[in-house]
Each structure stands twice: as structure tokens, then as C-alpha cells.
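Some notes on the structure that comes next.
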Amino acid sequence: MNTNKHHAFSATRALNRVMSFFNILAAMAILISHFSSFVSPAKFWLLELIAISYPFWFIINLAFLAYWLLQLHRFIFISVVAIAITYPKPGLFFQMNFESKAKEQQLKVMNYNVRLFDLYNWTGNLKTRAKIFEMLKEASPNIICFQEYYTRDKGNFQNTKDLEKLLNSESHVKYGITLRKIDHWGLATFSTYPIVNRGTAIFEQGNTNFAIYTDLKVNDDTIRVYNAHLQSNHFKEEDTKFLEEPDSTNSDEAVKRSESILKRLKKASSKRAVQADELKAHIVSSPYPVILCGDFNDPPYAYTYGVLSKELCDAFVENGKGFGVTYSGAVPFFRIDYILHDKRLQCNSYKKINSKLSDHYPIVAEFSLK
């Protein structure tokens, strides 16, 4: 009996040595992914891939933490220290907020990548645009920031005209692409508050990835709302299919698709980094309290978010619940859409509307002026 106990003890001890080695590697990995997010992809883009792997290493470290906890082993400190150093990153993709805040004067803000109001019938439902309008009417926000916005000057899809009437609002629309003189693609901000100034923060002609700002008169105050759509990855259809079903592709095609995806990620992440730096410089110069809405095309543990959220508060972190998923397309489970705000504004609520009318979910936050 004593011999059996001795062998069991020796086996456990040997296993723990192996586990501690891999735990140290996992702890190093989560630290590297954390600090990689502070380096611009425009300088060293491979670090971006390491940075966005943070949730994976977080889960691995949690597993090690549970393993040592069951044994009440001192090696539990390895993952505890590693996760603590990366705090508050875990809260960027999962939140448990239960406290309700005092609701005074409300400013209701929606951000929504509307995917052109289903112009090309991706959903297979010709009523999608009408359903989007119904959802917007029911949500009744004071401010809406649209990315992947589309409107026409004639015929169907006169979205600017129709939305101004539907929402009883003013609009700030900026086109990146115009075809046939009547078809327009770009960004749009709608507001029930008077618009006193319109401007462009970053812009590239012939591209729908840029940022605008809109100054609004809210009672006796003025606030500036930024609407940003940062560089898209522009995956090919074949790339998207590979991401959705990697097992259905032969080895040669898998290598080809992987190379294509990495090439596009390299180009897009470098562009996003430059755009984020330019947009941040513009935000810092704002004379008014700021609300930043947008599709950043990056998760919250990437360089882009780190730059733009510095000195701003994240509505999801303050009032979100559960996983902050905002993307429902290929490779879902990402939070890439945001509502960030100035500290002079108090966020009272945040929610995601579970409406699959686009490949992004609309998100809504309510604010009061401090």
C-alpha cells in the first residue's frame, strides 16, 4: 500500500514538473501577446498576429490555474501573476456588469455597420432593408453612426432622405466612392440634435475606410461625435470560405489561402495602425467632449484599440454583459465595433441588439453629461 502511494506521489510529481514547464511557456506567451499590442503593425506587423492571440493564451492560463488550484499547489502563482500583469485585458472581451446607474439626461447612441442595407441581397431576403428601418425606428436613438453606408439620389435605396424622415433627424454624410453620379458609398451620422459643424478626420478618395466628425448642440453643451470605419481586410471569397471550413480544402489550396490571408492582414493592419494614429491626433485636438463610434476592424487587444481607447472610456467595459461579440459574419466571436467616450460623459447603459440583418450587430449606449 505504501509502495503504491509512493509510486502515485512520484508520478504526480513528475507530471507537475512537465506541467510547470508548459505553464511557464503559456505565461510567457500571454505576456508577449499583451506587450505586442503596444507596437504599431506599421513597424512590425507580425506582432499584431501575436497580440490578437491573447484570448487563446488567457484560456490556456486559466486552465493551468484551475489545475494548480485543485492541488492547492504553489505553482498557481505563475498564471495568476501573468494574468494580473495583463489586467484589464480580460475585461475587454467579457464583462459582468450588474449595477444600474442613475439615469439623468439621456443621450442614446447607436453604432451600426449596416452592410449597405443589404443592397446586393446577401441575406436572401428582399425585406431586409425594411426590417433594418423598423429596428432603427423601434430603437429610436438620438445619434446613429453608420459604416458601410449606401444611398442613391434616385429610385430605390434613397436612404439618406428616407432616414431623415423616419428618424426626424439631420444627417452628416460623406462619400468615399460615387458611381454613375447617383450611387454613393461611405459613412453617415444621423442626429436628432442640431448639427452645428461637419468635418473629415481622415480620408482617402476612392476608399470607404475613413473617419468623419459631427459637432452637435445638446441643450447648452456641444459634443463631437466621430464616426470611423478603419481599413478592412478585404478577404477574397475563397479566403472567407477557407476560414469558415478549413477542413474542406486540400493541402496545396490551404497553403495558398493562408498566404493570401496573411498578405491581406499585413497590408490592412499596417494601414489601420496609421489611420488610428491620425484619428487619435484629431480626437486629442477636439475642443468638445468626444464620442467615438466605429468599426475598427480589430479586436480590443490589438494596437488600433489601444491607441484609440487611450484617455477614452469603453461603453462595453463599463456596462456590457457577457461576451462583447459584434461581428456575425465569417469567423465570428469578434468585438470589432465600438462606442468609446470622453470621461466628461457618464455611460448609463450598453447593449447589443441581436439583429442579424447585417454581418455586424448594432450596439447602443446611453449617456448623461456629468
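Between His282 and Tyr226, the two ring planes are perpendicular [angle over 60°; tilted spans 30° to 60°].
A donor atom on one side chain and an acceptor atom on the other are not found under 3.5 Å apart for Asn142 and Gln106. Between the side chains of Ser270 and Lys43, not a single donor N or O lies within less than 3.5 Å of an accepting N or O. For the residue pair Ser328/Asp359, the side-chain donor-acceptor check at 3.5 Å is not satisfied. A donor atom on one side chain and an acceptor atom on the other are not found under 3.5 Å apart for Ser53 and Ser33.
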- request: Decide side chain to side chain contact (heavy atoms under 4.5 Å, CB included) for Asp298 and Tyr305; before the verdict, give the C-alpha distance in whole Å, the side-chain angles of both, and the deciding distance to 0.1 Å.
  value: CA-CA 7 Å; Asp298 256 333; Tyr305 175 87; 5.9 Å; no
message: Applying side chain to side chain contact (heavy atoms under 4.5 Å, CB included) to Phe316 and Arg335, what does each step give before you reach the verdict?
response: CA-CA 10 Å; Phe316 167 76; Arg335 182 164 82 100; 3.4 Å; yes
message: Is there a side chain to side chain contact (heavy atoms under 4.5 Å, CB included) between Leu312 and Leu292? Walk through the geometry before answering.
response: CA-CA 9 Å; Leu312 292 178; Leu292 169 59; 4.3 Å; yes
- request: Report the C-alpha distance between Ser349 and Glu366 in whole Å, list the side-chain angles of each, state the deciding distance to 0.1 Å, and finish with yes or no for side chain to side chain contact (heavy atoms under 4.5 Å, CB included).
  value: CA-CA 5 Å; Ser349 70; Glu366 292 183 323; 3.0 Å; yes
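With sequence neighbours excluded, no residue forms a salt bridge (charged side-chain N to carboxylate O under 4.0 Å, His left out) with Asp337.
The only member of Phe157, Phe146, Trp185, Trp122 that meets ring-ring contact (aromatic ring centres under 6.0 Å, His included) when paired with Phe117 is Phe146. Shown are Arg152, His184, Arg129; of these, the side chain to side chain donor-acceptor pair (under 3.5 Å) with Asn159 is made only by Arg129. The one candidate from Leu167, Asn227, Val109 that meets the side-chain contact (heavy atoms from CB on, under 4.5 Å) condition with Ile143 is Val109. Checking Arg198, Glu164, Lys161 one by one against Ser171, the side chain to side chain donor-acceptor pair (under 3.5 Å) holds for a single residue, Glu164. Only one option out of Asp295, Asn113, Asn111, Asn209 pairs with Gln147 in a side chain to side chain donor-acceptor pair (under 3.5 Å); it is Asn111.
Heavy atoms from other residues, nucleotides or ligands lying under 6.0 Å from NZ of Lys108 number more than 12. With a 6.0 Å radius and a threshold of 12 heavy atoms from other residues, nucleotides or ligands, Phe22 has its CZ atom at or below the threshold. Atom NZ of Lys321 is surrounded by more than 12 heavy atoms from other residues, nucleotides or ligands within 6.0 Å.
Contact detail for Thr200 and Ala211: the closest heavy-atom pair is CG2-O, 3.5 Å. Considering all non-hydrogen atoms of both residues, Asn61 and Ser79 come closest at OD1-OG, 2.9 Å. The minimum heavy-atom distance linking Pro194 with Glu170 is given by the pair CA-OE2, 3.4 Å.
In this structure, the ring of Tyr67 has its center no less than 6.0 angstrom from the ring center of Phe75. Remark: aromatic rings of Phe203 and Phe210 are close, center separation under 6.0 Å. For an aromatic pair to be called close, the ring centres must be under 6.0 Å apart, and Phe93 with Phe58 satisfies this. Taking the six-membered ring wherever Trp is involved, the centroid distance between the rings of Tyr112 and Tyr361 does not fall below 6.0 Å. Side-chain rings of His172 and Tyr213 stay apart, their centers remaining 6.0 Å or farther from each other.
Salt bridge status for Asp118 with Lys127: absent, with no side-chain N to carboxylate O gap under 4.0 Å. Ion pairing between a basic and an acidic side chain is recognised when a charged N comes within 4.0 Å of a carboxylate O; Lys280 and Asp277 show no such pairing.
His73 contributes atom NE2, which lies 10.0 Å from atom OG1 of Thr12 (distance to the nearest 0.5 angstrom). Atom-to-atom distance recorded for Tyr338:OH and Thr304:OG1 is 8.5 Å, nearest 0.5 angstrom. How far OG of Ser169 is from CG of Leu136: 10.0 Å, rounded to the nearest 0.5 Å.
In this structure, Val173 and Tyr175 have side chains that are in contact, with non-hydrogen atoms separated by less than 4.5 Å. Taking 4.5 Å as the limit, some side-chain heavy atom of Ile78 sits within range of a side-chain heavy atom of Ile24.
The same ILVMFWY cluster, assembled from side-chain heavy atoms under 4.5 Å apart, contains both Leu345 and Tyr350. No chain of hydrophobic side-chain contacts below 4.5 Å, direct or via other Ile, Leu, Val, Met, Phe, Trp or Tyr residues, connects Ile212 to Val290.
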